[in-house]
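What you are looking at is a predicted structure, and each value in this text was computed from that prediction instead of being measured. Atoms within a ligand are numbered from 1 in the order they appear, just like the ligands themselves.
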Amino acid sequence: LNHLAIIGAGNVGTAIAFTALNRGIARHLSLYDVDRPRAIGEMLDLRDGLQFVRPATIEAGDQMSVCADADVVVITAGAKQRPGETRLDLAARNAGLLRSLVPDIIQVAPDAVLLIVTNPVDVLTQLAVDMTGRVDGTVFGSGTVLDSSRLRHLIALRFAIAERHIHAHVVGEHGDSETVLWSSANIGGAPLTAAWTTGGGPIDEVEQARLLHQVRNAAYEIIAGKGATSWAIALATAQILDALEQTTQSSVLPVTGPLDPDLGLGDVCVSLPRLVDAKGAGPILPLVATDEELAAVRASVAAVRSTLEKIR
Ligand SMILES: NC(=O)c1ccc[n+]([C@@H]2O[C@H](COP(=O)([O-])OP(=O)(O)OC[C@H]3O[C@@H](n4cnc5c(N)ncnc54)[C@H](O)[C@@H]3O)[C@@H](O)[C@H]2O)c1
């Protein structure tokens, strides 16, 4: 990317900045935060390491002009989950913030892809889509990319097989109603329920429920321990940014974006596996799911819709 702008220089924003620099994702990086001393401090700290990464320049400040002409704007600004608070409880607090940010971003970076990370990510992505009127995939959210990585890690441990060979998607709301498309989950083409004689045998329904519970509650345990989550969301976001650089090959990532009404799943943003490339978040992959899995996605859509109705 020529210019990656990050809104919010907190735990998540700076972890994304650090990861992006390490991976040489952007030639120019800008950090915008209302807390100017913090943004400047983070900028100076990152600049001190520029010798050790691919050439890049870094700017920061509390004026939206630092984001001018960005190719991608990642939104991480906002209040974070308090211990015990659900992601949906955050909605009203962060919706107000988003409503004030989006017009300013569009003014300075009219062509930028907007990538929402702030929670509740599905609700805020839908608000940003509504505000911009963009349903072309250039406004989308990190969705369940992180949750899917958590799941794949748990399955990887269970079978002692590397994460990259595990194909399993957490879908729906990034939050308490998320679900897993177990029926299409596989390792190297073999379903998790197949007659595995290694790695502890097949994953049955009881274990599926336990794994989903672990994935859903992963953030709570981390927040209880260190006050915030940052590293894994930064790596997940970097993966999305990598995909946004590719013009000839799409990546498959469960990001959150507007649903095609023809799918019959509902009409607000939730995550399903999509093709992501330089054009943004593109088509949803053909859905391979049982009726139960589809019902769980619909329930997730309903949860997001109910929050939206409360804050609109
Ligand atoms: N989608 C995901 O998977 C995922 C994962 C982790 C965290 N998050 C979310 O990311 C968000 C940020 O978390 P964090 O731990 O970095 O919080 P944080 O408190 O460390 O940082 C938030 C930053 O936003 C800034 N800010 C507040 N209002 C602003 C405004 N109007 N303009 C610019 N900056 C503003 C604050 O000054 C602060 O520096 C939270 O909503 C959190 O829930 C999402």
Given [options], identify the one with the heavy atom nearest to [atom].
| atom | options | answer |
| --- | --- | --- |
| atom 1 (N) of ligand 1 | Val117, Thr229, Asp104 | Val117 |
| atom 15 (O) of ligand 1 | Ile223, Val121, Asn11, Val145 | Asn11 |
| atom 34 (N) of ligand 1 | Gly13, Gly96, Ala77 | Ala77 |
| atom 41 (O) of ligand 1 | Gly227, Gly78, Ala79, Pro120 | Ala79 |
| atom 25 (C) of ligand 1 | Leu124, Asp33, Thr76, Asn119 | Asp33 |

Measure [X] to ligand 1 on non-hydrogen atoms and call it side chain, backbone, both or neither using the 4.0 Å cut-off.
| X | answer |
| --- | --- |
| Asp147 | neither |
| Ile233 | side chain |
| Leu146 | side chain |
| Ser142 | side chain |

Suppose I only count heavy atoms of [X] and a 4.0 Å limit; which atoms of ligand 1 are within that range?
| X | value |
| --- | --- |
| Asn94 | 41 (O) |
| Val12 | 6 (C), 7 (C), 10 (O), 13 (O), 14 (P), 15 (O), 16 (O) |
| Leu101 | 32 (N) |
| Tyr32 | 32 (N), 33 (C) |
| His174 | 1 (N), 2 (C), 3 (O) |

Handout entry: Test ring pair (Phe, Tyr, Trp, His ring centres under 6.0 Å) applied to His167 - qualifying residues, sequence neighbours left out
Key =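 Result, ring pair (Phe, Tyr, Trp, His ring centres under 6.0 Å) vs His167: none returned.
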Practice task
Give me the one residue out of Glu173, Glu309, Gln126 that meets side-chain contact (heavy atoms from CB on, under 4.5 Å) with Val268.
Solution key: Gln126
Completion exercise
From the list Asn11, Ile16, Leu115, side-chain contact (heavy atoms from CB on, under 4.5 Å) with Thr76 holds only for Ile16
Handout entry: Pairs touching residues 179-209 that satisfy ring pair (Phe, Tyr, Trp, His ring centres under 6.0 Å), sequence neighbours left out
Key =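 Passing the test, one end in residues 179-209: Phe159-Trp196.
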Problem - Close side-chain approach of Val180 to Val171, heavy-atom, < 4.5 Å - result: no
Practice task
Evaluate side chain to side chain donor-acceptor pair (under 3.5 Å) for Tyr220 paired with Asp176, printing each intermediate quantity in order.
Solution key: CA-CA 11 Å; Tyr220 297 109; Asp176 300 337; 2.9 Å; yes
Practice task
Answer yes if the side chains of His3 and Ser30 hold a donor-acceptor pair under 3.5 Å, and no otherwise.
Solution key: yes
Problem - Note: Asp267-Arg305 ion pair, threshold 4.0 Å (strictly below) - result: yes
Practice task
Applying salt bridge (charged side-chain N to carboxylate O under 4.0 Å, His left out), run through Lys279 and Asp136 and close with a yes or a no.
Solution key: CA-CA 9 Å; Lys279 294 194 288 292; Asp136 59 355; over 6 Å; no
